Amino acid sequence: MSSEPQCMTAAEYRAETETEEDIHKAVVEWADRQAQTHPALKMLFHVPNGGSRHVAEAVKLKAMGTRQGVPDLLLPVPRGNKIGLALELKSASGRLRPKQAWWLRELRSSGWAVAVAYTFSEAQKVLTGYVDGGDTGQSLDLSNAKEPGHV
């Protein structure tokens, strides 16, 4: 075995060190700029279900229908035989939580395209593929997804 350190390009380093928030902001900024040539991207939105909140605010939002695990970005634009795209974003070291997998599975069974992206480039490819023809280029195994409220 070689003891020489592995080299990585600057792009590979950035992809490994991007936070989920960095990826999320970059995707939305890119989508906003692409909306001139891909008008469907104007419909891309985020449901702010995550984050830290004061207890009173969290209780209020839960009563208003906030649901844990809802995908980060939704694009309610039909393409092919899909009624929309649900995109979950993760950092390179991120993992899909059971409630997130459950939501993706349920949305997929309801006619949505679903995808998980771990880098900006992956998210860009998913969105472009979907907008151009309805294909996300991903096959996700969500069979072990658990219903919210169950462990």
Side-chain angles (χ1 to χ4, degrees), residues 8-54 57-58 60-62 64-151:
M8 67 172 56
T9 67
E12 289 169 333
Y13 176 78
R14 280 192 304 277
E16 284 191 16
T17 59
E18 284 179 315
T19 67
E20 185 176 321
E21 184 178 336
D22 292 337
I23 296 166
H24 197 134
K25 288 177 181 178
V27 169
V28 171
E29 181 181 328
W30 171 82
D32 287 346
R33 286 194 323 262
Q34 297 304 308
Q36 291 296 325
T37 55
H38 291 91
L41 290 174
K42 291 178 187 175
M43 296 290 293
L44 183 69
F45 68 93
H46 168 65
V47 178
N49 280 339
S52 299
R53 294 186 173 86
H54 186 274
E57 182 74 5
K60 176 181 135 184
L61 290 173
K62 185 173 182 177
M64 293 174 66
T66 298
R67 301 287 186 251
Q68 194 174 31
V70 170
D72 291 311
L73 293 170
L74 299 172
L75 183 62
V77 175
R79 287 292 187 269
N81 63 347
K82 302 297 181 191
I83 59 175
L85 169 67
L87 178 58
E88 180 62 36
L89 301 171
K90 293 289 176 192
S91 67
S93 61
R95 294 174 44 186
L96 201 59
R97 294 188 326 263
K99 288 182 182 180
Q100 292 171 323
W102 181 87
W103 272 101
L104 292 173
R105 187 189 73 211
E106 293 299 311
L107 287 166
R108 182 171 60 193
S109 70
S110 297
W112 285 70
V114 299
V116 179
Y118 293 87
T119 65
F120 166 75
S121 294
E122 285 180 8
Q124 185 181 30
K125 287 176 189 169
V126 165
L127 284 164
T128 301
Y130 182 77
V131 169
D132 286 346
D135 182 23
T136 65
Q138 288 191 333
S139 173
L140 298 174
D141 178 11
L142 302 170
S143 59
N144 64 349
K146 292 187 172 51
E147 190 170 346
H150 296 78
V151 179

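Sequence positions, counted from 1, serve as the residue numbers for this chain. Predicted, not measured: the structure shown is a model, and the values here were computed from it.
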Legend entry - Atom pair CD (Gln100) and CZ (Arg95), whose distance is rounded to the nearest 0.5 Å: 11.5 Å

Legend entry - Separation between CH2 of Trp103 and CZ of Arg108, rounded to the nearest 0.5 Å: 15.5 Å

Legend entry - Atom pair CG/CD1 of Leu89 and Ile23 - distance to nearest 0.5 Å: 7.0 Å

For residues 75-87, run the donor-acceptor check on the side chains, cut-off 3.5 Å, and write out each pair with its distance to 0.1 Å, sequence neighbours left out.
from: Arg79; atom 1: NE; to: Val131; atom 2: O; distance (Å): 2.8

Legend entry - Distance, nearest 0.5 Å, that separates OG1 of Thr19 from NZ of Lys90: 12.5 Å

Legend entry - Between NE2 on residue His24 and CZ on residue Phe120, distance to nearest 0.5 Å: 12.5 Å

Legend entry - Pairwise side-chain contact, Glu88 with Glu20, heavy-atom cut-off 4.5 Å (strictly under): yes

Legend entry - Under the side chain to side chain donor-acceptor pair (under 3.5 Å) test, residues paired with Lys25 that sit two or more places apart: Glu21

Legend entry - Close side-chain approach of Pro71 to Leu107, heavy-atom, < 4.5 Å: yes

Would you be so kind as to tabulate the donor-acceptor pairs closer than 3.5 Å made by side chains of residues 27-40, with sequence neighbours excluded?
from: Glu29; atom 1: OE2; to: Arg33; atom 2: NH1; distance (Å): 3.0
from: Thr37; atom 1: OG1; to: Gln34; atom 2: O; distance (Å): 3.2
from: His38; atom 1: NE2; to: Asp132; atom 2: OD1; distance (Å): 3.1

